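Notes to accompany the following structure.
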Number of protein chains: 2
Amino acid sequence: MAKQIKIKDIAAMAGVSVGTVDRVLHNRGNVSERSLKAIEQVLAETGYKYNIHTSAISLKKEYNIAITTPIAVKGEYWGAVRDGIMHAINEYSDIKLNCTFFFYNQFDIYSCRSSFESILEQSPDAVIIGPTFKSETQRLCKELDDKHIPYVFVDAVIEGTSPVSTYSTDQYACGQLLGRMLDTFTPEDSEFAIMSSQRIGNERSSNSLARKKGFQDYFRSKGMQNRIHETSFSVLDPAESERKVLSFLNENPKIKGMAIMNSRGYILADILRKNGIKEICLISFDLTQNNIKGIKDGTIGAILCQRPELQGFHALKSLIRQLLYNQKEETVNHTMPIDIIVRENLPYYREFFEM
Amino acid sequence: MAKQIKIKDIAAMAGVSVGTVDRVLHNRGNVSERSLKAIEQVLAETGYKYNIHTSAISLKKEYNIAITTPIAVKGEYWGAVRDGIMHAINEYSDIKLNCTFFFYNQFDIYSCRSSFESILEQSPDAVIIGPTFKSETQRLCKELDDKHIPYVFVDAVIEGTSPVSTYSTDQYACGQLLGRMLDTFTPEDSEFAIMSSQRIGNERSSNSLARKKGFQDYFRSKGMQNRIHETSFSVLDPAESERKVLSFLNENPKIKGMAIMNSRGYILADILRKNGIKEICLISFDLTQNNIKGIKDGTIGAILCQRPELQGFHALKSLIRQLLYNQKEETVNHTMPIDIIVRENLPYYREFFEM
DNA sequence: GTTATATTTGTGTACGTGCACAAATATAGT
DNA sequence: ACTATATTTGTGCACGTACACAAATATAAC
């Protein structure tokens, strides 16, 4: 409740006019060395803070923001990220934001390339990236760096880039947590399965790999690495998958815990449900519509979530701060909480974020 | 990005001046029946939304807000609630808020009475209540209702009151979740203990009671109610408590799960640690400094949390909406998520709210 | 119908910042 | 020293809302 310092005050203290202070605050240039120094000094001393409210209403500029993520489907992971972004757009409805979504197929590198090309073509003021393909993303970021276009990451961080900030989860910790949970949820001497879902080709996301490593390391640290089995199933051929999974479980009857490193747990849940298998504890990722169903009827024991809405929300908020106020928050990695969701606390995990 | 409708537009459409529209929006009275109807009609049709930014800067009025909760200690539950409130105060630093905290001792009804009296005396514009004593709180609310002073609840809801909104957790669900967790975390045929912490007198918070009921119902629904034991220990006399707990465990050697319905789990954790008891899974509430220690060294198996910061944050935000924009959001009960925190996901549960 | 009073309505200024444009000053070229 | 040009600085209006105050209209009393 201390009295806020205004631009007018800064100007008076530095012995210049408000216009000059404004130029400094917005890096608009055309300021003499002497004025610059004086103003910066005063700014540092007083710890001036923008009045978001007034700057928002006075703002004439329209910002073009490009958002590129895997295709956002309602009720799925990237859909939730988009919801968070939309929520932020709504909250900042006074700022003229021109947001364009460039969705790509995360299993098709060409679609990713074409999205990225379109982005560079339109030359936006800032970009939100939900990355999948590493070198493609690095290439995009390099171009953005050259053009001095700021960008933020959601969901994952790509090395060798310089984003304004990133919003992601510690996937290795997710894997460890997953291991710990399966371990405690199952009887002693149980064995465990890592289920890999496959599509065409055998692309693996780096998120899945990090999770898997954490999972394996958990059991390794307990000297239980020999209790882990691994198999794969096809996302696109349910019948074939069912046969494969059942015969796998037949061959390994001691398996009581089942882990999958992505959000496809519901496919396994369908198989378990259909065949009345109840003694296996299945844990999946992401609070998607399909997985919620599994949680409700008990075919999925638990879900690990990483607050996709919050990620999207903060990503846009961070960009706005960057664009409007030049707040260079030296590339912080914001690591989101990992929520554990089971049947009993499911109803309360609605998009309760907004903070 | 649709063009926002302004007060000026409303005025033109209703055939009146902006001043009259302003009077309607702020319930300032002195408006003729005819104008009122016309304006309300237009408002309903257009779905006018305040521009928070501009209304904040133009606002001259200073709002006095009273906040009364049990004593807020840094690192404990009510400390976190206060942190959330402070966070909201900070976010709305442009609005002239005069917040006064009236802390009371939650184990002393007289201190509560005196706090409430002070509040009524200062006659604030709005109140945030973290309730403990039911009839005291009801009495306060009755007076506030008479004076048309809006109030919100955090942490718990008191029946027979009419708050603007409430931010709390479903304690019964917490208890059920606790039961489910202890059940799955322990070997078959385990028995369970409900540990009640006692102070002077035997006051029990309604939160604890609801949790306990949920806990018992979980086991009842599984036909396992006979596996629950119950005992109590003193918060104020650690040595005596230690003796009591140890002898209790001796008498009931099959106990492998231990539940406490409040945040005092760390006291039990100390006993377990000191005596090298490792086969018992202890679950407590609230992410307090003391409990965090137990989680880290494994003496506490898990903690259930109810986002106290978020509760405080939203409580104040809700009041601001009420005061500034008269948004009567018909007494919604906002039920917070119940977070499950174990060692692996602990590091990421920092006050990550801000949304 | 006239005056006094109460009620309703409209107008104008302030809030703090963004930005366009005009004014002032510095620099370079002759 | 005098233009011409480039650089730097200051001024003023706009943004949409809150609110004080003046103006207009309605109501009451005689």
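A quick note: this is a predicted structure, and the numbers were derived from the prediction, not measured. Here is how names work: the chains are called A, B, and so on, in the same order as the sequence lines, proteins then strands, and each is numbered from 1.
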task: Give the C-alpha distance, both sets of side-chain angles, the deciding distance and a yes or no for side-chain contact (heavy atoms from CB on, under 4.5 Å) between Thr132(A) and Cys112(A).
output: CA-CA 9 Å; Thr132(A) 301; Cys112(A) 174; over 6 Å; no
field: Chi angles and distances behind the side chain to side chain donor-acceptor pair (under 3.5 Å) call for Asp155(A), Ser168(A)
entry: CA-CA 4 Å; Asp155(A) 181 59; Ser168(A) 63; over 6 Å; no
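Between Thr161(A) and Tyr151(A), the side chains place no donor N or O within less than 3.5 Å of an acceptor N or O (distance only, hydrogens not considered).
Looking at the side chain of Lys6(B), the nearest of the listed nucleotides dA18(D), dG16(D), dC21(D) is dG16(D).
In this entry the distance linking CG of Asp22(A) with C1' of dA14(D) reads 14 Å, nearest Å. In this structure, Asn30(A) atom CG and dT5(D) atom P are separated by 18 Å, rounded to whole Å. Rounded to an integer number of Å, the gap from CG of Asn27(B) to P of dC19(D) is 13 Å. What separates CD1 of Ile10(B) from C1' of dT17(D) is a distance of 13 Å, to the nearest Å. dC15(D) atom C1' lies 18 Å from atom NZ of Lys61(A), rounded to whole Å. Rounded to whole angstrom, the span from the CG atom of Leu59(B) across to the C1' atom of dC19(D) amounts to 10 Å. Remark: P of dA18(D) and CD1 of Ile95(B) are 11 Å apart, rounded to the nearest angstrom. Between the NZ atom of Lys8(B) and the P atom of dA18(D) there is a distance of 16 Å, rounded to whole Å.
Summary of the strand contacts: Asn51(B) and Arg28(B) both lie near DNA chain D, and taking for each the nucleotide with the nearest heavy atom, the more 5' one is attributed to Asn51(B). Residues Ser35(B) and Lys60(B) each lie close to DNA chain C; by heavy-atom proximity, the contact nearer the 5' end of the strand is made by Ser35(B). In terms of position along DNA chain D, the nucleotide closest to Ala56(B) lies nearer the 5' end than the nucleotide closest to the other residue of the pair Ala56(B) and Arg23(B). Positionally, the nearest nucleotide of DNA chain C for Val16(B) lies more toward the 5' end than for the other of Val16(B) and Tyr48(A).
Where DNA chain C meets chain B (any atom under 4.0 Å from a heavy atom), the bounding nucleotides read 5' to 3' are dT8(C) to dC15(C).
For Glu136(B) and Arg139(B), the salt-bridge test passes: some basic side-chain N is under 4.0 Å from an acidic carboxylate O.
Within the structure, every side-chain polar atom (N or O) of His53(B) is placed at least 4.0 Å from both OP1 and OP2 of dC15(D).
Gln122(A) is listed as a side-chain neighbour of Thr100(A), based on a closest heavy-atom distance under 4.5 Å. Residues Ile65(A) and Pro124(A) form no side-chain contact, since every pair of their non-hydrogen atoms from C-beta on lies 4.5 Å or further apart. Side-chain atoms of Ile320(B) and Tyr63(B), non-hydrogen and from C-beta on, never get closer than 4.5 Å to each other.
Remark: the Thr54(B) side chain and the dT17(D) base include no donor-acceptor N/O pair separated by less than 3.5 Å. At a cut-off of 3.5 angstrom, the base of dG16(D) holds no donor-acceptor pair with the side chain of Ser55(B).
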